[in-house]
Amino acid sequence: MNLISPLEKVKGVGAKTGEQFALAGLHTVGELIDFLPRAHEDFSEVVAIADIHPGKMTIKARCEKIETRPVRRGLRITTATLADDSGKLQAVWFNQPYRETQLKSGEEFYFSGEFEFNYNKYQLTNPSAEKVSDMPVQTDRLLPVYRAIKGLKSQVVRKILSELRPLITMLPETLPAEIVKNEKLLSRADAVLGMHFPKTSEDIARGRERLAFEELFQLLLASQLNRQENAKLTGWHIPFEQTIVADFVKLLPFDLTGAQRRAAWDIIQDFERKTPMNRLLQGDVGSGKTVVAGLAARQAAHSGFQTALMAPTEILASQHAETLATLLTPFGVTVGLLTGSVKGTARKTLYEQIYNGSVDVVVGTHALIQDMVKFHKLGFVVIDEQHRFGVKQRQQLLGKSKHMPHLLAMTATPIPRSLALTVYGELDVSILDELPKGRLPIKTKIWSPNSQAQLYELVDAELKQGRQCYVICSLIDENADNEIKSVTAEYKKLQNSIFKHRRIGLLHGKLKSEEKDAVMTQFAKNELDILVSTTVVEVGVDVPNATVMLIEDADRFGLSQLHQLRGRVGRSTHQSYCYLITSGSSKPSPRLKEIEKSNDGFYLAEVDLKMRGPGEIYGRAQHGALNLQIATLSDTKLIARAQKEAKLFVSRGDDLLQYKQLAGQVEQYQRLTTLN
Ligand code: ADP
Ligand code: MG
């Protein structure tokens with residue numbers, strides 16, 4: 001038997017079991033060995049029920065009584081009475097009705113969960129349950145817990161893995177020996193062994209360290225190699241023309257900030273080099289990224305190159321097209337807009353203009369990457385809100401040029417340092433860390449729905465001053481079973497009672513794009529006082545006169561998302577306000593408290609990364625594909641170590657191909673993390 005043997009070859013795996021494994025994506029012996037536990041339960045400290053106290057607790061008990069009742073739609077509560085020789089206690093599970101069947105046998109189980117005050121009494125909440133008789137002898141204390149595989153008990157998975165133990169002890173090393181030695185890491189075999197069959201918590205910690213290091217090393221090496229490969233490409237040479245840039249700047253209605261000047265200069269210099277630019281423009285919401293892109297597009301157009309700017313929503317694309325047209329038409333630079341709603345002859349004409357080069361700057365949504373779109377001479381690609389796009393989409397757009405075009409990826413979601421190092425390690429970064437002059441920090445307040453009437457008075461006072469207001473709800477339609485607010489219901493409510501005397505607009509994703517555009521344009525022109533909207537306005541939308549943002553059921557949004565939404569106000573010299581309205585009588589979450597406290601996107605992104613993992617920041621799709629099993633991108637120390645080793649590896653000029661497994665992984669990461 002070896003690592004590529006089918007699982008059916010292993011003792012104890014019949015056709016049925018094999019099928020269940022296969023459904024979970026596990027086919028071979030090697031794949032099962034790599035199926036690492038998602039956690040370990042520590043049964044070393046079993047307490048008697050009489051001695052239990054609040055916190056994470058494990059007891060050894062029998063289930064005396066158990067029942068499940070539906071509480072409301074989508075929530076079923078199972079409660080049980082658990083008993084040992086010293087006493088009894090209550091346990092509760094949410095939406096785990098199968099506990100009834102599992103526990104009815106009356107056998108002894110280890111229950112492990114949080115003992116906490118819940119529903120007015122102390123209870124063991126959502127405990128795991130392991131049959132005492134199922135517990136393998138050698139792991140009396142530390143039990144690996146595997147991701148559930150349908151139809152297979154954890155116990156079975158553990159048993160089959162113990163059959164594979166001899167193979168695990170012989171697992172080949174995948175990292176260069178030098179690195180294992182330098183970093184004092186466990187061998188791969190010992191690490192995997194420690195994860196599946198830990199004797200001490202040290203085994204787990206060391207195993208994790210080694211395996212997490214390996215993942216990070218692969219990721220960092222991938223970005224080093226991407227950087228190297230990019231340096232070998234030949235791009236377009238776009239020479240710097242001082243008068244062109246100076247004239248552009250002169251015509252702006254404001255002075256550029258120092259940060260905008262520096263970023264623009266970075267780009268202009270990259271344009272002059274032989275290798276294509278691969279730059280991330282990071283700037284907090286409202287820091288003024290668009291005009292930087294506009295300046296660069298002006299320079300590119302002067303040298304006869306086209307610019308493509310891709311934005312994630314139609315609203316945003318049309319807004320950018322308008323902004324850029326204002327900035328660029330005075331210089332004879334033409335701007336076109338390509339979205340799904342440009343149809344028929346208009347679309348055909350636009351295709352032709354893009355192809356014959358009579359349009360210099362093409363702004364659009366995903367529509368830009370369709371095959372029909374052919375450029376005359378594409379030299380510069382801008383991706384706005386880049387984390388909204390996948391690698392493939394970026395590449396498709398870049399592929400529309402004979403040479404690799406210069407790439408500017410813009411993001412308003414600041415990327416924490418750890419992530420910048422790993423996933424974006426290959427990039428050059430410009431940071432807009434300065435807001436335009438005269439901006440006042442947004443005043444943010446958590447607000448209880450009980451005093452909403454007062455809040456509406458505050459809003460009306462702002463409207464009286466001629467300002468505008470956003471009201472954000474998470475749902476589109478009313479739902480009788482549900483207390484969550486919807487835009488349709490809020491819109492009706494506000495228009496029919498409280499704000500009868502005000503002009504109110506409704507915006508959500510189900511509207512046709514012409515309708516969306518019409519509403520957005522009305523709001524931008526100050527023909528509406530209040531815009532009731534879903535998160536479709538989350539990214540990029542720029543209406544400087546809007547100064548109040550109400551977010552209903554604010555707890556339903558992530559931290560970065562709240563920061564983005566809030567960024568729709570505070571875009572002028574007027575004082576702006578953001579009110580985070582909690583749901584019902586629930587207490588505000590730590591998230592809301594963080595956002596109430598800080599206006600700093602960088603700080604909030606760090607907090608978000610800690611609270612929720614990097615998915616939100618890096619883009620869900622891509623992060624999912626990275627599929628880090630062990631490593632967390634918030635482990636900055638380990639990242640720094642892996643970074644150092646990856647750089648050494650590249651500088652030694654080691655041949656990656658001698659490490660076959662490593663090479664395969666690295667190549668995959670290269671494809672997933674590159675921007676171009
Ligand atoms: P973001 O970085 O969030 O994409 P935008 O590019 O939408 O920001 O710019 C936000 C607003 O600030 C716009 O209305 C823009 O015209 C304005 N703006 C940009 N740069 C400056 C500046 N240097 N001074 C004053 N206003 C500016
Ligand atoms: Mg923007």
Side-chain angles (χ1 to χ4, degrees), residues 245 248-265 267 279-298 309-328 361 363-365 382-389 408-415 429-442 467-468 470 520-521 523-526 535-547 549 560-574 576 578 599-602 604-605:
V245 173
F248 177 88
V249 173
K250 231 181 271 161
L251 216 67
L252 289 175
F254 43 70
D255 289 334
L256 289 177
T257 63
Q260 283 172 321
R261 282 172 198 279
R262 284 189 293 276
W265 181 237
I267 296 166
R279 182 170 291 279
L280 187 67
L281 179 58
Q282 248 192 79
D284 210 339
V285 280
S287 59
K289 293 181 286 295
T290 319
V291 65
V292 175
L295 183 151
R298 168 70 190 110
L309 186 154
M310 183 157 73
T313 64
E314 291 211 9
I315 293 176
L316 198 50
S318 48
Q319 187 186 289
H320 279 324
E322 215 165 288
T323 308
L324 291 177
T326 317
L327 293 174
L328 297 171
V361 177
V363 182
T365 52
V382 184
I383 314 257
D384 193 25
E385 309 292 346
Q386 74 85 22
H387 59 293
R388 293 285 178 121
F389 294 95
L408 184 69
M410 308 203 288
T411 182
T413 313
I415 294 161
V429 179
S430 299
I431 296 180
L432 299 185
D433 51 3
E434 191 182 341
L435 289 181
K437 258 211 258 13
R439 296 275 169 88
L440 299 166
I442 302 165
R467 303 285 89 76
Q468 291 162 281
Y470 293 97
M520 209 51 233
T521 310
F523 191 65
K525 286 194 183 148
N526 200 356
T535 56
V536 289
V537 293
E538 176 185 339
V539 285
V541 170
D542 182 43
V543 180
N545 189 50
T547 54
M549 160 78 43
S560 298
Q561 204 178 12
L562 288 169
H563 181 61
Q564 287 282 330
L565 282 168
R566 177 173 60 182
R568 293 318 109 214
V569 297
R571 299 184 151 250
S572 67
T573 49
H574 300 296
S576 287
C578 174
N599 264 313
D600 179 349
F602 281 82
L604 292 170

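Residue indices begin at 1 and follow the sequence shown. As a basis for the values below, the full set of heavy atoms in this structure was taken, side chains included, without hydrogen atoms, waters or symmetry mates. Ligands are counted one by one from 1 in listed order, and the atoms in each one are counted from 1 as well.
Put simply, the side chain of R439 gets close to the backbone of G286: a donor and an acceptor are under 3.5 Å apart. Checked by atom type and distance alone, the side chain of Q260 never pairs as donor or acceptor with a backbone atom of V291 at under 3.5 Å. A distance-only check finds no donor-acceptor pair linking the side chain of R568 to the backbone of M549 [under 3.5 Å]. Of the possible donor and acceptor atoms, none in the side chain of Q282 sits under 3.5 Å from a partner among the backbone N and O of V429.
Every atom of ligand 1 is numbered from 1 in the order shown, and the set under 4.0 Å from a heavy atom of V285 is 3 (O). Near P544, meaning under 4.0 Å from any of its heavy atoms, are these atoms of ligand 1: 14 (O). Set against the non-hydrogen atoms of T257, the atoms of ligand 1 under 4.0 Å away are 23 (N). For ligand 1, the atoms sitting less than 4.0 Å from at least one non-hydrogen atom of D255 are 22 (C), 23 (N), 24 (N), numbered in the order shown with element in parentheses. Per-residue contacts place G288 under 4.0 angstrom from the following atoms of ligand 1 (heavy atoms of the residue considered): 1 (P), 2 (O), 5 (P), 6 (O), 8 (O), 9 (O), 19 (C). Taking every heavy atom of G286 and a limit of under 4.0 angstrom, the matching atoms of ligand 1 come to 1 (P), 2 (O), 3 (O), 8 (O).
Taking distance alone, with nitrogen or oxygen atoms compared against 3.5 Å, T290 approaches ligand 1 more closely than that limit.
In this view, K437 satisfies the salt bridge (charged side-chain N to carboxylate O under 4.0 Å, His left out) rule with no residue, not counting sequence neighbours.
Among R439, Q260, R571, the residue whose heavy atom sits closest to atom 17 (C) of ligand 1 is R439.
More than 12 heavy atoms of other residues, nucleotides or ligands sit less than 6.0 Å from atom CD of E434.
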